[in-house]
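Taking it in order: structure first as structure tokens, then the write-up.
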Amino acid sequence: MTVAVCSFFHSPTGTWSHVVSDFESRAAVVIDPVLDFDLETGRVGSESAQWMLDHALGHNLHIAWILETHAHADHVTAADWMKRALGGAPHVGIGRGIVDVQTHFAKAFGLGGDFHADGSQFDRLFDDGERIEAGALAIDVIATPGHTSDGVTYRIGDTVFVGDTLFAPERGTGRCDFPGADASTQFRSIRRLYALPDETRVFLCHDYPPKDAEPVAQTTIGAQKAGNVQLNARTAEADYVAFRKTRDATLSPPKLLEPALRANICAGRMDG
């Protein structure tokens, strides 16, 4: 099944969000939507998320699901804003590993007894191998932890949406130094994706292009296997783990880490 994908780039955070649809049933899902957030002022805006809604409404699409690939540490999700804008109709889903992420950050942020680290802030927690549906769209959940413990990939027809597990081939893979992250686990998750057909379209959650280049929204499994600069089909696990350990030690924490995670472990609710 070939599905239609419209991708939206949020340049302040280098984030790709996607509207995936089947134009026969008019059903759609939104993956990794972004809320505009200014760290210095604390101001919140919805312009980026509104563009996605305008696209969906302009094509008479019914958004059934808002799907998160993981609890993002570098941008605030627009899931809660979008759900409220649509009258509460879409379900918000994330991988079941969110419970581990919530448990850690509830302690780190001192969220107190009113916060429940049980995933109940989301409408649905997905298990590996689970299938959900939106109209004619069949969405298969593939657990891909490593970057975070709650990472999932959504496979819809000939596409996969990989979150921060893979970047464009020339930019490699996601970091593995967050709480609950593990490079060996990520290596196995990526190998699992590499078992998919080479022609599978891979839609990314981030790209950080040089100033003279356009951001890349999609690639293929074949291109990743052949040319990912950090983990291709020939890379050994020990070499990858050693590389990630060295590389990740040089990386700074994301600028929006605390405000992003405070909201994102609550399905985007800014008030917790």
Side-chain angles (χ1 to χ4, degrees), residues 9-16 32 39 68-75 95 97-98 100-101 103-105 107-109 142-153 160-196 202-261 264-265:
F9 190 64
H10 186 253
S11 57
T13 60
T15 303
W16 283 107
D32 292 332
L39 183 61
E68 301 285 357
T69 55
H70 62 295
H72 311 276
D74 46 19
H75 68 267
I98 187 63
D100 293 333
V101 177
T103 298
H104 174 85
F105 285 104
K107 295 177 181 177
F109 296 152
I142 305 171
T144 46
H147 170 69
T148 59
S149 56
D150 63 336
V152 294
T153 289
V160 286
F161 299 83
V162 296
D164 290 9
T165 299
L166 286 166
F167 296 153
E170 59 269 28
R171 285 180 264 286
T173 67
R175 62 195 295 172
C176 294
D177 59 336
F178 294 140
D182 182 77
S184 288
T185 300
Q186 178 152 278
F187 178 90
R188 292 190 290 271
S189 292
I190 292 172
R191 286 295 193 190
R192 190 176 182 192
L193 294 176
Y194 284 1
L196 297 173
V202 177
F203 285 87
L204 309 173
C205 184
H206 286 290
D207 193 38
Y208 309 103
K211 292 182 179 180
D212 58 347
E214 293 295 317
V216 175
Q218 72 175 95
T219 177
T220 65
I221 289 294
Q224 294 281 9
K225 288 165 62 178
N228 188 289
V229 295
Q230 295 174 359
L231 203 172
N232 58 53
R234 301 171 300 281
T235 305
E237 181 174 350
D239 293 337
Y240 179 69
V241 171
F243 164 79
R244 280 262 58 107
K245 183 177 181 179
T246 301
R247 169 68 172 165
D248 292 349
T250 70
L251 301 177
S252 300
K255 293 180 180 179
L256 296 182
L257 188 147
E258 184 167 346
L261 282 170
N264 294 347
I265 62 174

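Looking only at side-chain heavy atoms (C-beta outward), Q218 and V202 stay at 4.5 Å or farther from each other. Inter-residue side-chain proximity for P254 and R175 is flagged as met; some heavy-atom pair is nearer than 4.5 Å. Taking the side chain as every heavy atom from C-beta outward, L204 and V216 approach each other to under 4.5 Å. Contact check for Y194 versus L231: side-chain heavy atoms found under the 4.5 Å cut-off. Taking 4.5 Å as the limit, some side-chain heavy atom of Q230 sits within range of a side-chain heavy atom of T173. T13 has its side chain out of reach of D74: every pair of non-hydrogen atoms, C-beta onward, lies at least 4.5 Å apart. Side-chain contact check for I142 versus V152: every heavy-atom pair is 4.5 Å or farther apart.
Considering every non-hydrogen atom in both F178 and T148, the closest pair reads CD1-CG2, 4.3 Å. When all heavy atoms of D207 and A168 are compared, the closest pair comes out as OD1-CB, 4.1 Å. Nearest heavy atoms, R244 versus L251: NH2-CD1, 4.3 Å. Across every non-hydrogen atom of R234 and A226, the tightest pair is NH2-O, 3.6 Å. Of all heavy-atom pairs spanning H75 and H206, the tightest one is ND1-CE1, 3.9 Å. Listed here is the closest heavy atom pair of D32 and C205: OD2-SG, 3.5 Å.
Between the side chains of D150 and H70, no donor N or O sits under 3.5 Å from an acceptor N or O. Inspection of the T144 and T153 side chains reveals an N or O donor paired with an N or O acceptor under 3.5 Å.
With rounding to the nearest 0.5 Å, the separation of CG in D100 from NE2 in H104 is 11.0 Å. Between the NZ atom in K225 and the CG atom in L196 there is a gap of 9.0 Å [rounded to 0.5 Å]. With values rounded to the nearest 0.5 angstrom, E258 atom CD is found 9.0 Å from L261 atom CG. We find the CG-CD distance between N264 and E68 to be 6.5 Å, quoted to the nearest 0.5 Å. Here the CZ-OG1 distance, from R171 to T219, works out to 10.5 Å after rounding to the nearest 0.5 Å. Summarising the geometry, atom CD belonging to Q186 is positioned 3.5 Å from atom OH belonging to Y240; distances are rounded to the nearest 0.5 Å.
A donor-acceptor pair under 3.5 Å is formed between the side chain of S189 and the backbone N or O of P145.
In the displayed structure, R247 atom CZ is contacted under 6.0 Å by at most 12 heavy atoms of other residues, nucleotides or ligands.
Residues E237 and R188 are paired through a salt bridge, judged by an N-O separation under 4.0 Å between the basic side chain and the carboxylate.
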| request: Show your working on side chain to side chain contact (heavy atoms under 4.5 Å, CB included) between T69 and V162 and close with a plain yes or no. | output: CA-CA 7 Å; T69 55; V162 296; over 6 Å; no
- Item | Check against side chain to side chain contact (heavy atoms under 4.5 Å, CB included), C176 and D182 | CA-CA 5 Å; C176 294; D182 182 77; over 6 Å; no
